[in-house]
Amino acid sequence: MSYIIKGETGDWEVVIGLEVHAQVISKAKLFSGASADFGAAPNAQVSLVDAGMPGMLPVINAHCVAQAVRTGLGLKAKINHRSVFARKNYFYADMPQGYQISQYDQPIVGEGTIILDMPDGSTRAIGVERLHLEQDAGKLIHDRHPRESFVDLNRSGVALMEIVSKPDLRSPEEAGQYLRKLRSILRYLGTCDGNMEEGSMRCDANVSVRPVGATELRTRCEIKNVNSVRFVMQAIEHEAARHVDVWESGGKIDQETRLYDSNKNETRSMRSKEMAHDYRYFPDPDLQPLEFDDAFVAKIKADLPELPDDKKARFASEFGLSAYDAGVMVAEQANADYFEKVAKISGDAKLANNWVANNLFAVLNAKGVGVAESPISADQLAKLLVLIKDDAISGRQAKDVFEIMVATSQDPDKIVEERGMKQITDTGAIDAAIDQIMAANADKVEQYRAGKVQVMSWFVGQVMKATQGQAKPAVCQELLKKKLTP
Amino acid sequence: MSLDKATIRRVATLARIELPEAELEATAQQLSGIFNWIEQLREVNTDNVAPMSGGTDLKLPWRADAVTDGGITDKVLANAPEAQDGFFAVPKVVE
Amino acid sequence: MTSLTSLTIAEARDKLATKEFTALELTEAHLAAMERAKDLNAFIVTTPEIARDRARASDVRIQSGKAGALEGIPLGIKDLFCTEGVQTTAASHILEGFVPQYESTVSQKLRDAGSVMLGKLNLDEFAMGSSNQTSYFGPVKSPWKANNRNVTLVPGGSSGGSAAAVSGYLAMGATGTDTGGSIRQPAAFCGIVGVKPTYGRCSRWGVVAFASSLDQAGPMTRTVRDSAIMLKVMCGHDPKDSTSAPMAVPDFEAALNKGVKGLRIGIPKEYRPDGLNAEVAALWDKGMQWLKDAGATLVDISLPHTKSALPTYYIVAPAEASSNLARYDGVRYGLRVPGKSLDDMYGKTRAAGFGAEVRRRILIGTYVLSAGYYDAYYLKAQKVRALIAKDFTDAFEKCDAILTPTAPSAAFGLDDKQDDPVAMYLNDVFTVPASLAGIPGASVPAGLNSEGLPLGLQVLAKRWDEETLFSVCQVLEDAAKFPYLKVPA
């Protein structure tokens with residue numbers, strides 16, 4: 001299922017590497033005690049350090065270090081017990097110190113792997129090049145004044161993890177899967193909330209193309225700050241097509257930074273980044289190397305949750321789910337937890353998967369809410385499944401009960417009892433109904449006995465109707481067969 | 001070691017220090033003089049020497065993750081050449 | 001009351017305690033002296049009202065028996081230390097009018113100990129200079145005069161205002177900062193004591209940064225004892241500075257009486273290059289004799305990479321400075337020169353705001369960090385720096401302290417032509433190696449040259465061993481019987 005761009009001169013493939021900036025979940029900023037929360041009044045969450053006042057100095061937040069290590073472990077990556085903070089020097093109005101404290105040639109986390117779950121059930125391993133800690137910049141607001149931009153430094157100094165993939169991605173779909181999987185892992189770990197719309201997870205995409213079969217990389221362009229998975233995929237698709245057009249028309253791709261415009265679905269060169277960059281990285285003399293021992297890492301490792309890949313494997317082996325179903329179910333930890341609870345209480349994982357993946361998710365999607373806001377608790381859904389398994393209600397009744405549960409959040413037992421929806425297992429009541437129907441429809445009885453066995457389903461329908469759906473269709477059919485056969 | 005005008009122009013741009021064209025030559029000469037003197041370092045054998053990047057060999061201290069600062073918008077903006085509605089203001093930036 | 005200004009901090013401390021005079025009287029005497037000596041241009045800003053308020057508060061605390069270690073002692077604060085509510089400029093146009101909303105850790109500690117701030121002392125712009133001629137607020141004049149020619153002398157730099165104020169009896173002590181010699185060299189030029197402690201002893205929080213891996217605050221006083229008293233207050237662990245040492249502060253004053261009996265004093269041969277000024281060399285020999293007479297053993301040592309220290313320093317310090325000074329961009333504080341665009345504003349602001357020497361060092365620093373040059377210059381310098389530090393580590397295997405001259409010459413004239421920056425940089429040839437190694441060093445006034453100008457001797461010690469430093473300095477001071485300036489009538 002490779003992604004091929006059919007050009008006029010031949011087939012092209014796309015080579016993609018992603019740089020994700022993930023905001024670390026922490027109370028305070030990376031190097032200052034100001035709050036890292038969103039949404040405060042302008043410059044309200046700014047310390048003198050964040051504002052780059054003269055003589056201000058950074059002191060590192062221990063929790064942010066732990067979060068980076070935790071993420072590294074979650075990416076099955078090499079943890080570097082010694083890393084170095086470097087200054088990345090450049091001028092911009094959102095950069096109060098005139099440099100960003102980042103990590104350069106000695107990051108806290110080295111190479112790791114992210115496993116992509118493809119829709120056909122196959123998997124693909126994508127290399128992670130590195131993860132490093134750095135500070136976020138402030139924010140510029142352009143639309144409040146005709147001739148001025150306004151600077152809000154609330155974001156300045158918030159801890160970010162920059163997670164860089166290897167150029168292993170070969171299609172917009174894979175890029176999308178990578179982002180979803182990374183986000184899933186970060187959320188499982190509790191190191192980043194993965195909210196792309198709010199900007200707590202941002203993505204830069206490095207895109208280049210080459211003729212199928214070629215091994216050397218061509219010039220890449222960096223598409224900056226795309227704020228949703230869908231837009232990342234669209235931007236890559238568009239950018240790759242643009243590259244093919246340029247190469248095929250005899251042109252040349254310039255290495256540059258481009259901005260994706262989701263309204264026009266196009267990328268364009270960023271003027272503000274046009275000046276050649278020379279970041280002049282050097283070790284920050286205000287901060288000694290960041291060092292920790294095995295015990296520090298071991299403690300974090302012992303505290304890791306079961307991660308999506310492991311959970312997926314377990315769901316397949318323990319509950320018999322298909323790779324694809326398991327992959328869907330573990331993508332969000334809350335879904336996985338919900339499913340697992342339903343499966344365990346009901347004792348029927350396949351039934352649980354059907355009801356959660358099909359019925360429940362359809363309802364939640366329609367409502368636009370997550371499983372945390374589900375009108376039906378896992379306990380309640382499990383009870384419903386138990387009723388089905390015990391033949392206490394029919395499948396049709398179960399659907400009705402489910403609808404009522406969605407509307408009222410009531411327990412299924414209560415609904416069934418209040419509405420007298422018990423399935424009739426007493427054959428006497430069914431016998432009586434059959435006798436009545438056969439008596440009133442002698443012609444249909446004749447037809448059946450004459451060999452037109454298709455009328456059986458009509459009889460079943462009539463019996464169901466007469467018992468208000470409480471009869472079990474299989475039982476009806478069996479009894480009908482007995483009575484209709486002379 | 002001699003620095004040319006183009007190099008000085010590039011470095012001054014990186015450093016965001018406006019340097020009039022007329023001063024480029026003199027600056028280039030002066031800096032070339034300094035670098036000629038600095039060049040003597042090349043004679044020092046530094047094979048297998050680990051660089052010393054900071055002033056101390058103390059361990060980097062870590063602080064607890066607690067909100068202990070912020071809420072001082074007035075102090076942050078107190079010296080601003082231009083501030084409005086709680087923001088710093090700068091000439092319009094085109095992105 | 002003039003005679004009050006001639007007291008040492010130790011003497012004043014005792015006399016205030018016995019209430020021979022009040023802190024306010026002591027402060028008034030210094031404010032009057034400052035007024036009379038305005039032409040020295042030692043202060044960028046004077047803060048007489050703050051001084052009087054604090055002196056009055058000191059008197060109350062003395063009365064109630066709650067005197068701090070520096071209660072009522074009038075001090076000058078180098079204008080590199082941010083002082084809450086008082087303009088802090090680093091002697092640069094780019095920070096003119098900047099009023100910090102915070103107090104540096106060091107000046108806060110001095111304040112907490114009861115000292116009285118007289119004002120903010122002039123310096124070389126961003127502490128970049130060795131003569132205090134690069135200040136935007138004009139050069140400082142040394143209170144010293146040559147006995148054979150009528151020229152105005154530089155006080156040295158960058159803590160030139162501090163040195164002039166203390167030697168001229170305008171302040172009992174002053175804070176300095178030393179990046180490559182900025183405490184020790186002006187102390188030598190002005191005939192006072194200056195101590196650069198071990199890197200990490202004094203917090204850098206709230207001190208305008210020049211070169212972060214080198215900058216250290218320290219005291220400048222007229223006596224060794226006064227420096228010991230002041231340093232004890234100034235240093236100590238600060239959790240706001242990651243490079244600040246979490247170590248107990250020794251009682252430096254107690255070390256003053258230890259003497260040097262049995263100490264091994266290293267004499268580095270590399271500090272006696274061909275053409276060393278004969279009077280400087282002679283004074284150095286004298287210093288050796290004094291220490292020997294006091295029971296020390298002299299040891300010949302070698303610091304083989306001494307010659308490389310200055311060029312190394314002129315890569316490391318400008319590189320760090322180019323980055324540290326990037327924050328002066330006209331956005332959040334200080335000077336802003338309007339421009340058509342953000343970049344235009346940056347370029348104009350920084351061109352107008354920084355003086356020639358600062359601009360020069362920013363360009364040097366930017367260049368040595370730039371792509372293609374980093375390895376050849378910055379990385380190379382870091383490696384040589386490691387070798388220089390190792391020189392000292394090796395030397396201290398053989399000795400407990402090192403004695404050298406502080407500067408290659410006495411103070412020069414304010415109008416002496418200094419067109420060649422490298423010639424100016426050579427002033428710090430003896431002080432820079434210790435800065436690169438991060439070890440403590442002090443300059444003690446040890447004698448006068450034939451023109452009647454002060455010369456200093458430098459003592460260096462191991463990291464964190466300021467106590468030995470003070471022991472040696474005290475012996476030198478006792479032996480030198482330095483002819484201090486007379487208190488101006």
Side-chain angles (χ1 to χ4, degrees), chain B residues 1 3 7-8 10-20 23 27-28 30-31 33-63 69 72 74-83 88-94, chain C residues 97-99 101-102 199-200 212-214 216 239 242-243 245-246 305 307-308 311-312 314-315 322 326 329-336 338-348 350-351 354 359-360 362-364 366-367 370 377 379-387 389 420-422 438:
Chain B
M1 180 70 206
L3 289 92
T7 303
I8 298 299
R10 183 177 62 83
V11 171
T13 305
L14 273 178
R16 298 296 188 280
I17 295 176
E18 195 175 275
L19 205 53
E23 287 180 28
T27 307
Q30 197 167 49
L31 293 196
I34 294 169
F35 276 98
N36 279 329
W37 168 70
I38 285 175
E39 286 305 302
Q40 60 178 289
L41 281 189
R42 283 185 198 270
E43 298 160 20
V44 184
N45 182 349
T46 51
D47 295 349
N48 304 315
V49 176
M52 174 174 171
S53 58
T56 181
D57 45 15
L58 296 167
K59 200 174 163 334
L60 181 72
W62 299 6
R63 55 167 237 281
D69 210 337
I72 48 166
D74 292 351
K75 289 186 176 188
V76 167
L77 296 174
N79 285 282
E82 217 191 316
F88 295 100
V90 296
K92 192 96 173 168
V93 178
V94 183
Chain C
F98 171 63
V99 179
Q101 307 295 302
Y102 50 98
Y199 181 84
S212 309
S213 76
L214 298 159
Q216 260 302 290
S242 298
T243 62
H305 297 91
K307 186 168 82 88
S308 303
T312 298
Y314 275 95
I315 292 172
S322 72
D329 59 7
V331 175
R332 283 150 288 111
Y333 45 78
L335 180 73
R336 173 186 291 193
K340 298 188 294 287
S341 65
L342 184 64
D343 274 329
D344 194 38
M345 182 193 91
Y346 287 153
K348 289 188 159 63
R350 291 165 61 79
F354 293 133
R359 287 200 303 268
R360 177 153 53 229
I362 291 174
L363 294 179
I364 293 172
T366 304
Y367 180 71
S370 65
Y377 291 111
L379 190 64
K380 179 78 181 181
Q382 284 192 314
K383 289 177 177 176
V384 180
R385 184 176 179 182
L387 291 173
D420 179 10
V422 173

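All heavy atoms count here, side chains included; hydrogens, waters and symmetry mates do not. Numbered from 1 within each chain, the chains take letters A, B, ... in sequence-line order.
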Chain C heavy atoms under 4.5 Å from B:Asn45: which part of the residue, side chain, backbone, both or neither? backbone
Side chain of C:Lys380, backbone of B:Val44: donor and acceptor closer than 3.5 Å? yes
Measure C:Val331 against the heavy atoms of chain B and call it side chain, backbone, both or neither at under 4.5 Å. both
Would you mind checking which part of B:Ala50 comes under 4.5 Å of any heavy atom in chain C, side chain (CB onward), backbone (N, CA, C, O), both or neither? backbone
Toward chain C, the part of B:Arg63 with a non-hydrogen atom under 4.5 Å: neither
Distance check, rounded to the nearest 0.5 Å: B:Ile8 atom CD1 versus B:Leu19 atom CG? 7.5 Å
Any donor and acceptor pair, going by atom type alone, linking the side chain of C:Ser341 with main-chain N or O of C:Asp344 inside 3.5 Å? yes
Check: C:Gln382/C:Tyr377 side-chain N/O donor and acceptor closer than 3.5 Å: no
Looking only at atom types and distance, does a side-chain atom of C:Arg336 sit under 3.5 Å from a main-chain N or O of C:Gly330, one as donor and one as acceptor? yes
Sort C:Ser322 into side chain, backbone, both or neither according to what part of it lies under 4.5 angstrom from a heavy atom of chain B. neither
Could you state the interatomic distance from CD1 (C:Ile362) to CD1 (B:Ile17), rounded to the nearest 0.5 Å? 4.0 Å
Segment of C:Ser212 engaging chain B (4.5 angstrom heavy-atom cut-off): neither
Basic-acidic side-chain contact under 4.0 Å: C:Arg332, C:Asp329: yes
For B:Leu60, is it the side chain, the backbone, both or neither that has a heavy atom under 4.5 Å from a heavy atom of chain C? side chain
Highest number of heavy-atom pairs under 4.5 Å with chain C: which of B:Gly54, B:Ala80, B:Pro81? B:Pro81
Heavy-atom cut-off 4.5 Å, strictly under: side chain, backbone, both or neither for C:Ile364 against chain B? both
Quick one: what part of B:Leu58 sits under 4.5 Å from any heavy atom of chain C, side chain, backbone, both or neither? side chain
Quick check against the 3.5 Å criterion: does B:Gln30 have a side-chain atom that pairs as donor or acceptor with the backbone of B:Thr27? no
Atom group of C:Ala245 that falls short of 4.5 Å from chain B, counting heavy atoms: both
Under 4.5 Å to a heavy atom of chain C? For B:Ala83 that would be neither
Under 4.5 Å, counting heavy-atom pairs only, tell me which of C:Ala351, C:Gly339, C:Pro246 racks up the most with chain B. C:Ala351
Looking at C:Leu335, C:Val99, C:Ile315, C:Leu379, which has the largest count of heavy-atom pairs under 4.5 Å with chain B? C:Val99
Are more than 12 heavy atoms from other residues, nucleotides or ligands located less than 6.0 Å from atom NZ of B:Lys92? yes
